[in-house]
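Note that the coordinates shown come from a computational prediction; the quantities given were computed from them, not determined experimentally. Per chain, numbering begins at 1; letters A, B, ... match sequence-line order.
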Amino acid sequence: MLSKLNAPQREAAKYLDGPCLVLAGAGSGKTRVITHKIAHLVITCGMEPRNIAAITFTNKAAKEMQERVAQLMQGHSIKALTVCTFHALGVRIVRQEAKLVGLKPQFSILDSSDIMQIIAEISGGADKATLKGIQWAISGWKNALIPPQEAEKLASDEITAAAAKLYPAYEKTLRAYQAVDFDDLIRLPVEIFENHPEALERWQNKLRYLLVDEYQDTNRAQYKLLRLLAGVRGAFTAVGDDDQAIYAWRGADVENLNLLQSDYPKLKVIKLEQNYRSTNRILTAANTLIANNTKLFEKTLWSEHGMGDPIRVVMQRSPEAEADWVAARISAHRFEFKTHYRDYAILYRGNHQARLIEQALRNHKISYVISGGQSFFDRPEIKDITCYLRLLLNSDDDLAFIRAITTPKRGIGAATLEALGNYAGARHISLFAAAHEEGVAQHMSSRHLESVREFCAFINRIEYRANREPAGQVIHDMIRAIGYETWLFENCDTREAETKWSNVTDFSGWISRKGEEDGKTLIETAQTIALISMLDKEDDDFDGVQLATLHASKGLEWPHVFLIGVEEGLLPHQSSIDNDQIEEERRLMYVGVTRAQRSLTITACEKRKAAGEVRTVEASRFIDELGEGSLHRPDRNAPASREDAQARLAALREMLGRS
DNA sequence: ATCCGGATAGTTTTT
DNA sequence: CTATCCGGAT
């Protein structure tokens with residue numbers, strides 16, 4: 001079973017005598033260790049899959065893990081195995097134990113735009129930046145398990161003071177809507193387990209072995225949850241890499257690595273240093289770079305892939321020249337080495353850098369894909385539909401009620417909703433419930449009340465069907481009944497409406513399929529969508545150069561990587577220089593460098609526009625920190641090398657051939 | 001509802 | 001400086 005692992009990997013997969021921390025360097029096969037450990041637990045140790053949970057941070061990682069376990073354990077049913085994100089596990093816990101925290105099992109999960117809306121309402125019209133700051137502060141407190149009373153003491157500036165003041169009202173509003181935010185999905189399980197030992201025991205008994213991926217990204221609340229679930233037995237394996245901790249700014253606490261050691265003195269620490277991804281030249285540079293950080297655990301990556309080519313460091317005059325150079329180089333390189341566009345990635349510090357690159361790639365007729373961007377579920381047309389689903393699940397969800405009842409327009413306007421809202425507020429009930437009461441008739445015209453009640457009756461009818469009939473049929477009928485398609489084409493220009501409508505049909509088709517696969521009703525299917533960020537319709541076979549921020553590149557790899565804008569002020573970013581956060585920036589650089597399998601090209605500009613004026617900028621200190629021995633710095637003024645000349649000729653030929 | 005002008009910020013982002 | 005966002009005015 002474990003024969004395909006190297007020695008430390010095998011040790012990590014087999015070790016079951018207590019808590020285990022696997023320090024898995026970049027490209028060292030951490031997913032392999034996790035999947036093999038699961039297989040080992042089930043096949044060799046006879047453990048039930050239902051008692052094992054593997055926890056990841058992203059849906060993508062969860063999905064990959066699931067596929068790889070399935071592949072590894074063909075012939076074993078792993079249906080009951082838990083492979084999900086922290087938040088998905090949180091949802092399961094809170095849904096099952098909902099009444100312990102005063103929620104109904106079908107509570108709504110609000111996304112960040114819903115939350116902005118709530119904060120805007122309870123703060124009584126602050127500007128957008130302030131709203132964001134407040135949301136940020138409250139989220140931070142929740143992730144650090146700081147209750148409202150304590151938050152007040154911690155408030156240091158105007159915004160955090162405002163946030164602390166609004167925190168209780170914010171919580172109250174969420175509860176009134178029978179809703180939770182993402183942070184609650186971690187915080188509430190912790191609260192449940194701390195206050196209800198019997199619930200904790202139930203879950204400890206169910207999840208007897210835990211595997212945590214990307215452990216360095218955990219925040220306080222997540223660590224607490226892990227510790228509660230693992231209990232005194234400490235039956236868990238945490239896999240992570242302190243050198244790839246790049247999310248401190250959103251609450252991830254590398255200190256959790258230290259805590260693991262102090263909380264579990266018997267912690268077994270296993271290092272994975274053999275890399276299966278990159279050439280030794282790249283690894284040496286990465287090792288040399290990261291040695292500049294003060295470190296908890298020393299690691300030295302090595303591989304059997306030979307020395308490889310030196311890292312190419314190229315200076316350009318301007319960001320425009322840089323973008324053009326990279327595009328030209330990829331074009332030539334692909335032609336010369338008969339590679340595919342998908343073998344290349346261009347990585348950068350900030351999203352704005354993608355613009356020039358996109359332009360240059362278009363000029364060179366190079367196809368590309370940008371990772372990140374707006375998630376499918378954030379699109380307005382999809383939110384319109386999901387609000388109907390939220391309302392079907394939870395009629396107390398006033399945000400969903402308002403959006404659904406006004407989209408498409410059905411003659412219910414602000415005045416009617418305000419009257420309904422006032423009545424509901426006075427009686428401490430939801431808008432939906434208020435519409436059903438007799439008393440509300442005195443606050444609005446019968447014509448308006450009639451429309452509201454008609455809408456509610458419609459929702460009730462759909463809800464009845466959503467609990468019984470196949471998901472696909474009900475959602476299809478619902479979308480048709482509300483006249484969404486017609487409304488789209490009346491309110492957008494044709495092109496836009498077509499795109500939006502196609503997104504809606506994609507969505508409804510996806511719900512259909514999902515419902516069919518799991519043999520579930522619309523109600524049951526709808527419960528699972530809040531946490532899914534993308535429809536997995538990423539075409540793996542699309543041949544395009546990958547554009548990604550360094551953050552988004554973590555966990556991915558490409559044969560040829562271009563790291564652009566490697567300048568003081570950008571990478572490391574100026575604000576990180578100012579705030580003494582160079583080490584995190586260095587880890588970001590480290591992540592970028594270790595994405596490359598065969599070749600790495602680093603570019604920097606001599607001049608860059610900042611705040612309007614063109615400034616002379618310096619190459620990043622991180623370039624020097626890679627070690628001169630790993631680098632090749634072609635002199636811009638020297639005659640082009642034979643290789644370069646050939647490449648250029650090849651590119652030229654290709655362009656001529658195409659046009 | 002829609003358009004225009006002024007103000008404002010211009011890291012990283014998943015769930 | 002410039003893109004975006006918000007608010008005010010039509």
Response to the item:
Taken to the nearest whole Å, CD1/I564(A) to P/dT11(B) is 16 Å
Discussion item. In this structure, how many angstroms lie between the P atom of dT15(B) and the CD atom of Q135(A), rounded?
Written reply: 16 Å
Item to complete: Quick one: label K132(A) by what it contacts on the DNA or RNA (base, sugar-phosphate, nothing), any heavy atom closer than 4.0 Å.
Response: nothing
Response to the item:
Sorted by chain and residue number, the side chain to side chain donor-acceptor pair (under 3.5 Å) partners of T58(A) (sequence neighbours excluded) come out as none
Practice prompt. Can you tell me the distance, in whole Å, between the NZ atom of K409(A) and the C1' atom of dA1(B)?
Written response: 10 Å
Worksheet entry | Verdict with supporting geometry, R615(A) and E567(A), salt bridge (charged side-chain N to carboxylate O under 4.0 Å, His left out) | CA-CA 12 Å; R615(A) 287 192 184 166; E567(A) 298 147 25; over 6 Å; no
Practice prompt. Determine the interatomic distance between C1' on dT11(B) and the same-named atom on dC6(C); round to the nearest Å.
Written response: 23 Å
Practice prompt. For the pair K30(A) and E214(A), evaluate salt bridge (charged side-chain N to carboxylate O under 4.0 Å, His left out) and give the outcome as yes or no after the intermediate values.
Written response: CA-CA 9 Å; K30(A) 71 184 166 80; E214(A) 304 280 12; 3.3 Å; yes
Worksheet item: Is there a residue in residues 175-186 of chain A whose heavy atoms reach under 4.0 Å of DNA chain B, and which residues are they?
Response: F182(A)
Fill in: N or O in side chain of H551(A) less than 4.0 angstrom from dT12(B) OP1/OP2
no
Worksheet entry | Side-chain (D396(A)) to main-chain (Q178(A)) donor-acceptor, under 3.5 angstrom | no
Could you write out each protein N or O paired with an N or O of nucleotides 8-10 of chain C at a distance under 3.5 Å?
none

Item to complete: Determine the interplanar angle of the W203(A) and F193(A) rings, folded into 0 to 90°, and report it as parallel if under 30°, tilted if 30 to 60°, perpendicular if over 60°.
Response: tilted
Discussion item. Using OP1 and OP2 only, check whether a side-chain N or O of T549(A) sits under 4.0 Å from dT11(B).
Written reply: no
Worksheet item: In terms of the angle between their ring planes, are Y344(A) and F562(A) parallel, tilted or perpendicular, with boundaries placed at 30° and 60°?
Response: tilted
For residues 354-362 of chain A, which side-chain N or O atoms pair as donor and acceptor with protein atoms under 3.5 Å away, sequence neighbours left out?
{"residue": "E358(A)", "atom": "OE1", "partner": "Y368(A)", "partner atom": "OH", "Å": "2.7"}
{"residue": "R362(A)", "atom": "NH1", "partner": "Y368(A)", "partner atom": "OH", "Å": "2.9"}

Worksheet, complete the sentence: Sorted by chain and residue number, the side-chain contact (heavy atoms from CB on, under 4.5 Å) partners of Q106(A) (sequence neighbours excluded) come out as L393(A), I523(A), Q527(A)
Discussion item. Base of dT15(B), side chain of T85(A) - is there a donor-acceptor contact under 3.5 Å?
Written reply: no
Fill in: For Q546(A), side-chain contact (heavy atoms from CB on, under 4.5 Å) partners two or more places apart
A345(A), V369(A), S371(A), W558(A)
Worksheet entry | Within residues 241-250 of chain A: residues closer than 4.0 Å to DNA chain B (heavy atoms) | W249(A), R250(A)
Fill in: Q581(A): partners by side chain to side chain donor-acceptor pair (under 3.5 Å), with sequence neighbours left out
none
Practice prompt. Would you mind reading off the distance between L550(A) atom CG and dT12(B) atom C1', rounded to a whole angstrom?
Written response: 9 Å
Worksheet item: Just how far, in rounded Å, is P of dA9(B) from CG of L131(A)?
Response: 13 Å
Fill in: Donor-acceptor pair, side chain of E97(A) and main chain of A199(A), under 3.5 angstrom
no
Worksheet item: Do any N or O atoms from the side chain of S139(A) and from the backbone of Q135(A) form a donor-acceptor pair under 3.5 angstrom?
Response: no
Fill in: 4.5 Å side-chain heavy-atom contact, L391(A) and F455(A)
yes
Worksheet entry | Set of residues satisfying side-chain contact (heavy atoms from CB on, under 4.5 Å) with respect to I146(A), sequence neighbours excluded | W141(A), A144(A), E150(A), A151(A), L154(A)
Worksheet item: Can you find a heavy atom in the side chain of T386(A) that is under 4.5 Å from one in the side chain of I529(A)?
Response: yes
Item to complete: State which residues pass ring pair (Phe, Tyr, Trp, His ring centres under 6.0 Å) with F57(A); sequence neighbours excluded, sorted by chain then number.
Response: F86(A)
Worksheet entry | Strand contacts (DNA chain B) in residues 346-356 of chain A, 4.0 angstrom heavy-atom criterion | R349(A), G350(A), N351(A)
For nucleotides 5-7 of chain C, give me every protein contact, N/O to N/O, under 3.5 Å, one pair per line with atom names.
{"residue": "dC6(C)", "atom": "OP1", "partner": "K128(A)", "partner atom": "NZ", "Å": "3.2"}

Worksheet, complete the sentence: Closest to the side chain of H87(A), out of dT15(B), dT11(B), dA1(B), is dT15(B)
